[in-house]
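Letters go in sequence order (proteins before strands), and every chain restarts at 1.
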Amino acid sequence: MAIKKVRAHISPNEALLFERSSPGKKAYQLPELDVPAVDPNTALGAANVRSEIEGFPEVSEVEAVRHFTRLSTWNYAIDHGMYPLGSCTMKYNPRVNELVARTEGLAWAHPYQPESLSQGAMQVMAALESALLEITGMDAVTLQPAAGAHGELTGILLIRALLEHQGNPRKKILIPDSAHGTNPATAAIAGYVVENIRSDEHGLLDLAALEQSVDEDVAGLMVTNPNTLGVFESRIIEAAEVLHRKGALLYMDGANMNALVGIARPGDFGVDVMHLNLHKTFSTPHGGGGPGGGPVAVKKHLEPYLPVPRLKRVDGHLAFDYDRPCSIGKVKAFYGNFGVLVRALAYILAHGGNGLRNATMDAVLNANYIRKKLEPFFDLPYTLPNMHEVVFSDDRQARLGVRTGDIAKRLIDYGFHPYTVSFPLIVHGAMMIEPTETEGKLELDLFIDAMISIAKEIEADPQTVKTAPHSTRTSRVDEVKAARKPVLKWTPASP
Amino acid sequence: MAIKKVRAHISPNEALLFERSSPGKKAYQLPELDVPAVDPNTALGAANVRSEIEGFPEVSEVEAVRHFTRLSTWNYAIDHGMYPLGSCTMKYNPRVNELVARTEGLAWAHPYQPESLSQGAMQVMAALESALLEITGMDAVTLQPAAGAHGELTGILLIRALLEHQGNPRKKILIPDSAHGTNPATAAIAGYVVENIRSDEHGLLDLAALEQSVDEDVAGLMVTNPNTLGVFESRIIEAAEVLHRKGALLYMDGANMNALVGIARPGDFGVDVMHLNLHKTFSTPHGGGGPGGGPVAVKKHLEPYLPVPRLKRVDGHLAFDYDRPCSIGKVKAFYGNFGVLVRALAYILAHGGNGLRNATMDAVLNANYIRKKLEPFFDLPYTLPNMHEVVFSDDRQARLGVRTGDIAKRLIDYGFHPYTVSFPLIVHGAMMIEPTETEGKLELDLFIDAMISIAKEIEADPQTVKTAPHSTRTSRVDEVKAARKPVLKWTPASP
Amino acid sequence: MLEACGVASSEELFAHLPEAVRLNRPLALAPGISEYEIVDYFRKRGDETANGYASFLGAGVYAHYRPVLVDTVVARGEFLTSYTPYQAEISQGTLTTIFEFQTMISQLTGMDLANASMYDGSTAVAEAALMAARFTSKGGLLVARTVHPEYREVLKTYAKNQGMPVTEFGYDPETGQADLNDLESKLNDLTAAVIMQSPNFFGVIEDVNRAAEIAHKRGALAIMGFTEAVSLGILRPPAADIVAGELQSFAISPSYGGPYAGIIATREKFARQMPGRLVGETTDTHGRRAFCLTLATREQHIRREKATSNICTNQALIALMATVFMSVYGKQGLRELAEQNLAKAHYLAGKLRPRFSGPFFNEFAVYADNPEQLNAALLEKKIIGGLPLGRFYPELSGAILLCATEMSKRAHMDRLAEAF
Amino acid sequence: MLEACGVASSEELFAHLPEAVRLNRPLALAPGISEYEIVDYFRKRGDETANGYASFLGAGVYAHYRPVLVDTVVARGEFLTSYTPYQAEISQGTLTTIFEFQTMISQLTGMDLANASMYDGSTAVAEAALMAARFTSKGGLLVARTVHPEYREVLKTYAKNQGMPVTEFGYDPETGQADLNDLESKLNDLTAAVIMQSPNFFGVIEDVNRAAEIAHKRGALAIMGFTEAVSLGILRPPAADIVAGELQSFAISPSYGGPYAGIIATREKFARQMPGRLVGETTDTHGRRAFCLTLATREQHIRREKATSNICTNQALIALMATVFMSVYGKQGLRELAEQNLAKAHYLAGKLRPRFSGPFFNEFAVYADNPEQLNAALLEKKIIGGLPLGRFYPELSGAILLCATEMSKRAHMDRLAEAF
Ligand SMILES: Cc1ncc(COP(=O)(O)O)c(C=O)c1O
Ligand SMILES: Cc1ncc(COP(=O)(O)O)c(C=O)c1O
């Protein structure tokens, strides 16, 4: 079993900051105070003044640099190699986007500075808005939500506001069983009851089931398209009609827009409201879990309900409009994760229309290539043409006692980040692989080799796979123990 | 043998760029040309136009990022831990210095832009000049030399110019046998014959030998102070007198100024000319071998000979003076490694006078601490008080067949960069350790532990040490093979 | 690759899409531009902002110096381009920094535990309210009018559809502190939580402990918010049940409103109601210390509609900025930093007519006859003045909110004061 | 630690220094300042320069776009804060990039091998001359007046004390090319090397191959210099014995004159005379490919006064910038970049009166009645004009040297042309 991508090397150990700390060490220097010092007790009242922050670290500058540098080396990252997490669209993050997000006038813009001195920042937002509208085919968009789930919440609140305005907010949101967990969680926060609808035997939305489920209590359907199997919901237009006929709305989870940009537009296939994940489709870096951006795009009928403020053009200038009586209000202070918006716009400007479309085509090609190469070795429970990702099941390997989670861990030994494990739930033992367009054939082939090699290992020596990873500085981590008696912060060892 | 600092982890493999290359891949995009294209054959003449650059790589942007990121992980660096290379002063490199060196108006300043539009850059140089004069106690300084050795050349040329002006450039430069290799190499380029003088039994300049050697043929003495044993040349003033009496000059190699800043000034102990290594004492990063900065400071009598241009103040403005008839000319185009000068000035500003002195004291303390802790385990051939570094010999270990080079390699397994091996030449099997002031006690103790542990290993199991390192992705490298039939570039494998 | 896929062109891979959904024209977006042009474009946008002005705006977003180490660390691809650390064995870097973050936030707030970050302070406060409602099985929310107006708006958006009525209570027009009598009078047995912020929107320090006592008497939880994290370097942590706030002050650039990082910290007994990610300590198969995401059964990907929140992507990299900031300043530095802020603000306030008498940290309201006119005059001097309070509090239309930090230069403060 | 050292204070560790050498007062330097103030200080210095001007200066230093990846790579502590890679087992990152650098420079220059970098172009040319002298055991140096004037000055400084007379030969006042007849007439059997530069200081492309032929006839080596590395993307590499030049154009910021990176590339037979570091391929004890510094017996630390040069610290990190630049542009990009430079310069030249008739790449001399006055007028328009050639060539006082690169905008060029 040739592991080609990695070999063993020394890796630095590092204690926690608190363990490195000792009194008096410092990594900062403040300017000399150019005004008289003020006695805290006098200014604030002694009762309001704290004693020292117990346990807070004290380290030198070189220790701080080394600390974070050493820790960083324990991470895998896109910059190290392919990161085929299905549904997460882990594509390359261009470095110029980091640079422009730090442009002085943008990075230091205060959200309350005069609009006359904010036109540049507002133009960035306006330019992104219009690009996203063109890409989605929708009529209006808010950039306020901070991530996908936040966009979902915003979108469902919009639906609710419209229906309420029509006299009845209704009670239920329909969600296919293949949906991401944020969808039902969102519906609940928006005050809706979730009703799951079972996917059909192809993993698609079951139109008949839908038709049966949609009644006067249904506010809308949340659908991911392409769905979490990576398959396009080919009857989406019919689904929209079913909903619309009953006064319900169609929400699209746009997490998988990387399969559609430049090819098909939700606004053209019946979607009323949708979110985009800027940190997926538009390549803003995931940063170990965030930040993101979750713009919500809507059709005209939902526009009056969008969060305040709305960007508008007045006499050739941009201004914020707070006078929006139907608005659902604010979902977040200020205007959104502006720094993320900058990066997303930079990505769009770099690609242009054609470039975006080419990216989509490459993403789909890459996923299909993987599918073709791995189909002989892994079970593919749903076989319709897939788009940007492909979902296998561990069925064949499970018979030998090896599960998707084990295969994932073994991939680590081969130098790859695992695929997404056990999602979507409609695939038993799911192995959800999304290569994205930014992987070249060299890297894809290495990944395919690794997967095939593991499949063979499982036949010859399942135990090696079940106990993987073997070559990392940290071997398999005991997650059960962590949850049993949670230790969520460092405390000094008792003496 | 507990290795505390490191453990094994996966490390990415990576091919050479040329091996990753394939036609048509690209990591760049140029702006659209806003002027008519020009036919190269017409404009340049077909005979002047090249065909494609054979073998030149073609990779995508993500491949380029990964390539260099992966390669970087194969390096040890200050940012990972202690780097106790004697004579190299591998101290922490503050990150703010990198930032300020990229200040737009400085980084993009063209050396020929009008002086009226260069005052900021010239002020940086002027400020650095005056700080270095205060630190060295000299009268004038040129910032033009690019590194220590370049400074040496400049300095010896200054001596030559002065002597020539006096009628006789003389023939010889005296150099102690403990000197760095650049000293004799420099003297030779400056057209001098090198005469080595043997150090005395304490490793110091042998004043009697010096007195004997200095005659009318001697242009000067190059001495490092503290010398390469880390010992201060306590009779430096007398040595200067011996030289001066015979019309010869004293050159000081300032590589070890980290032991003196704020404590003693070469200008106060008879030095006529010296260089500084900004990349040592003043913390500009070594960058895998450079760039550096090698300012040369002189006493008044050498000032007329300094390279052109000289910075001068005219009516409250700074200007370059090219009208220097006695000047040795230029040693480098333009004014020096300006970006390095910026970093050095930032370092000086951050520390201030007291901070610089404290750094010196800490550097000397750290070296003495190591000496005290390691003296029981390693032979210390010269025992005078040492300053910022300490030089052991492998004498005790060599008896068991283990040499300084082996111990150095074994240190790698313990997570440390080795000390300087086999220099200075007057110590047989030298182990030259310079911790610098930026190492804290935690790191020093780990290093000391590692050294002691290795000393014990050598007694129990010398073979392990002789074949080290064992835990790196690359095991001991065959340097002899590399030199035997040098392969200095990649060529495509014959098919 | 096309061949391996059995197609002649990539287009064929889309052949199964219904004709009706296809976009049969190119996107109407400009052609792609080069890196050089992108840099140019954003530089121009940056120049069309308040670049180069001195500013005394606070109001939830503060101008603090960002130590260079912060960007040095977050620029490392290993942090920047990694995903949520689900695969613990190759994510110990991120996991360890989050564990340190949780620890430092707990230490700062005096709470037992903290989560790995929320979107921002405003959503953190809203999620804290939902958390309180779940724990108390009650719905009423009492929020002080001294809480950041935008935070209150977000709270209302979140609470509206959960059957959670939001009631506001007033403030003392003299001190600028929340009116705890008003609070007491509005509190009832259906109240899930009392929500305050300290320093409050006017910069005034609230009597949070008394407020908490009052809340507890009726079985409500006390949620304490903050927008100015630097104040935690000097202010006694509140005796609250939940602390929810914004870390923007910790080396996170103002960036026209985001991305920032919210936090929720709380007592052990509320841990299972905590929204968002948590990192816990454990061991690997060799018994070595290791960290991993934990208590995931609270979260949407496991618990779906019963989750404590729908949050998935959070603000990890921004939280890392705050982590580096806290490491750089440390125990002593954060205190010194807070003292400098205190000194600067009190220097400036000393030259002006404060609107409120309550103690303040680095932000305070002052009388201004015509705030808009004043600000316009200041702009001429390349100074951005304060926030006219009338924007959010009609009754305070003669007052302006000013903020001074360690970055405020005395000369600028003097010039500002002259304009009054 | 003091205790372990057996001293009561650090001062004691200096007790052995003779009283006479000690500095008995504090250094007269200002107290240390904070990071914030340092950033402020240099920002102010930066604002006191030509920030924001369009510039048409070349003359050895060129304004090319620096791809963002370059700083991304060199900012990694693993490259930035490591030493010369003497310890190969933990320096394979640096060693591999240098090997790639040597390869790409060899490919670009058409030579057999290249070293790991010299201080800059000017010292590279000087060292190349010394190298030629060693190989030929001769001393005479013939250098064209079309070589960068500062390079010639450095050459003279280096050669002076080696008994190596430097003789200059002229140029054709029509074409701006070196006068090869003058060269031929000055060449003799004591000539070690003929030194030229192409494109030369006037931007004109030299007939390097004929010059090399001429040199070879008398047993001299041909050294070809360059200052504009981008020209190598389109110009045929010279049939020289040694190529010595400057890579500043490869993503190295002008930085008021340095740090840059010089290179020397040459033929196999001259390898052992090469100055500076070389990285070679080898294997580790497991037979895996590895790289290490090699042919160290040429170098000062082994060979001392017999070394090929005294160079030790070189320009490694700057060479890495060039390496990243070359990787980003690659084969096709470097060509395209060169073509854009060609087009821009020819566009601009088309609007002006070129001084010379020889073919040029991105730099050229034009007639200007009063260069100083012209430049002063341009400054008013926020344009930095060209270099008045009279500064270095009194006979060309009516000419100015202009340069256009891919960063020169048409609008600026038009405005420049209008001023003539
Ligand atoms: C299909 C789908 N929906 C929603 C989300 C939630 O998006 P976010 O993490 O940005 O909140 C995700 C992210 O993992 C997803 O994959
Ligand atoms: C004592 C001594 N002298 C001179 C030098 C040469 O300095 P540089 O490498 O800057 O040319 C060194 C550097 O290693 C040194 O240690």
Side-chain angles (χ1 to χ4, degrees), chain B residues 27-28 34-35 38 50 56 58 68 71-72 74-79 100 103 105 107 109-111 117 119-121 146-147 149 181 184-186 188 191 194 264 269 287-292 329-330 333-335 337-339 352-353 355 361 368 385 472 475 477 481-482 486-490, chain D residues 5 10 16 21 27 29 31-32 42 45-46 48-51 73 76-78 81-82 84 88-90 92-94 103 113 119 122 150 153 157 161 236 253 255-259 280-282 284-285 290 294 300-301 304-305 307 310 312-317 328 330-331 333 343 346-347 410:
Chain B
Y28 75 97
D34 63 357
V35 298
V38 163
R50 80 182 299 159
F56 219 62
E58 290 174 89
F68 292 105
L71 293 190
S72 78
W74 303 349
N75 270 4
Y76 186 91
I78 296 256
D79 278 7
V100 297
T103 303
H110 190 290
L117 290 178
Q119 291 294 306
T186 293
V194 172
F269 53 71
K330 293 189 74 62
F334 316 116
Y335 325 116
N337 277 347
F338 178 78
M361 308 233 290
N368 276 277
T472 44
S475 60
V477 160
K481 178 177 172 184
V487 177
L488 303 174
K489 67 175 180 194
W490 175 86
Chain D
C5 294
S10 295
H16 64 285
V21 309
L27 285 172
L29 296 173
F42 285 101
R45 297 296 82 72
E48 291 158 5
T49 67
N51 218 342
V73 170
R76 282 188 66 85
E78 288 84 348
T81 74
S82 53
T84 306
E89 296 81 3
I90 44 172
Q92 287 295 308
T94 295
T103 302
L113 64 138
Y119 300 137
S122 70
E150 299 215 25
E153 289 185 55
T157 308
N161 308 300
R236 190 182 295 276
S253 39
S255 193
Y256 210 51
E281 184 179 321
T282 182
D284 71 5
T285 54
T294 194
Q300 46 74 25
H301 63 285
R304 302 179 77 86
E305 61 266 33
N310 71 337
C312 177
T313 290
N314 61 12
Q315 304 287 116
L317 196 74
V328 166
K331 185 188 284 187
H346 284 254
Y347 173 82
R410 182 176 186 148

- Query: By a 4.5 Å heavy-atom criterion (distance strictly below it), what part of D/Tyr256 contacts chain B: side chain, backbone, both, or neither?
  - Reply: both

- Item | Short side-chain to backbone donor-acceptor contact, D/Thr81 and B/Asp79, under 3.5 Å | yes

- Item | Per-residue contact mode, D/Val328 against chain B (heavy atom under 4.5 angstrom) | both

- Item | Interface residue of largest heavy-atom contact number with chain B, from D/His301, D/Arg304, D/Arg410, D/Glu48, under 4.5 Å | D/Arg304

- With side chains defined as the heavy atoms from C-beta onward, is the minimum distance between D/Gln315 and B/Asn337 less than 4.5 Å? yes

- Of all heavy-atom pairs linking D/Gly93 and B/Trp74, the shortest is N-CB, 3.6 Å

- Best-contacting candidate, D/Ala307, D/Gly77, D/Cys312, against chain B by heavy atom pairs under 4.5 angstrom: D/Gly77

- Message: Let me confirm one number: the OG-CZ distance from D/Ser253 to B/Phe338, rounded to the nearest 0.5 Å.
- Response: 10.5 Å

- 4.5 Å side-chain heavy-atom contact, B/Val35 and D/His346: no

- Determine the option with the most heavy-atom pairs under 4.5 angstrom with chain D, choosing from B/Asp34, B/Val194, B/Thr472. B/Asp34

- Query: Within the distance-only criterion (no hydrogens, no angle test), does the side chain of B/Ser475 pair as donor or acceptor with the backbone N or O of D/Thr285 below 3.5 angstrom?
  - Reply: yes

- Message: Need one label for B/Thr103: side chain, backbone, both or neither, based on atoms under 4.5 Å from any heavy atom in chain D.
- Response: side chain

- Going by heavy atoms in the side chains, are D/Thr313 and B/Pro291 under 4.5 Å from each other? no

- Task: With rounding to the nearest 0.5 Å, note down the distance linking CD in D/Glu281 to CG in B/Leu488.
- Result: 10.0 Å

- Task: Sort D/Thr294 into side chain, backbone, both or neither according to what part of it lies under 4.5 angstrom from a heavy atom of chain B.
- Result: side chain

- Under 4.5 Å, counting heavy-atom pairs only, tell me which of B/Ala149, B/Ala188, B/Ala121, B/Ser72 racks up the most with chain D. B/Ser72

- Message: Just verifying a value: how many Å separate D/Glu150 CD and B/Tyr335 OH, rounded to the nearest 0.5 Å?
- Response: 7.0 Å

- Looking at B/Leu71, B/Asn75, B/Ile78, which one has more heavy-atom pairs under 4.5 Å with chain D than the rest? B/Asn75

- What heavy-atom pair brings B/Ala185 and D/Gln300 nearest, and what distance separates the two atoms? CB-CB, 3.6 Å

- Task: Between chain B and each of D/Ala88, D/Pro31, D/Gly333, count heavy-atom pairs under 4.5 Å; write down the option with the most.
- Result: D/Gly333

- Message: Whether the side chain of D/Thr103 engages the backbone of B/Trp490 through a donor-acceptor N/O pair (distance < 3.5 Å, no angle test) should be reported.
- Response: yes

- Message: Less than 4.5 Å apart, side chain to side chain, heavy atoms only: is that true for D/Glu89 and B/Val477?
- Response: yes

- Item | Part of D/Ser122 lying under 4.5 Å from any heavy atom of chain B | side chain

- Note on the structure: Max heavy-atom pairs within cutoff under 4.5 Å with chain D, candidates B/Gly339, B/Pro184, B/Ala27, goes to B/Pro184

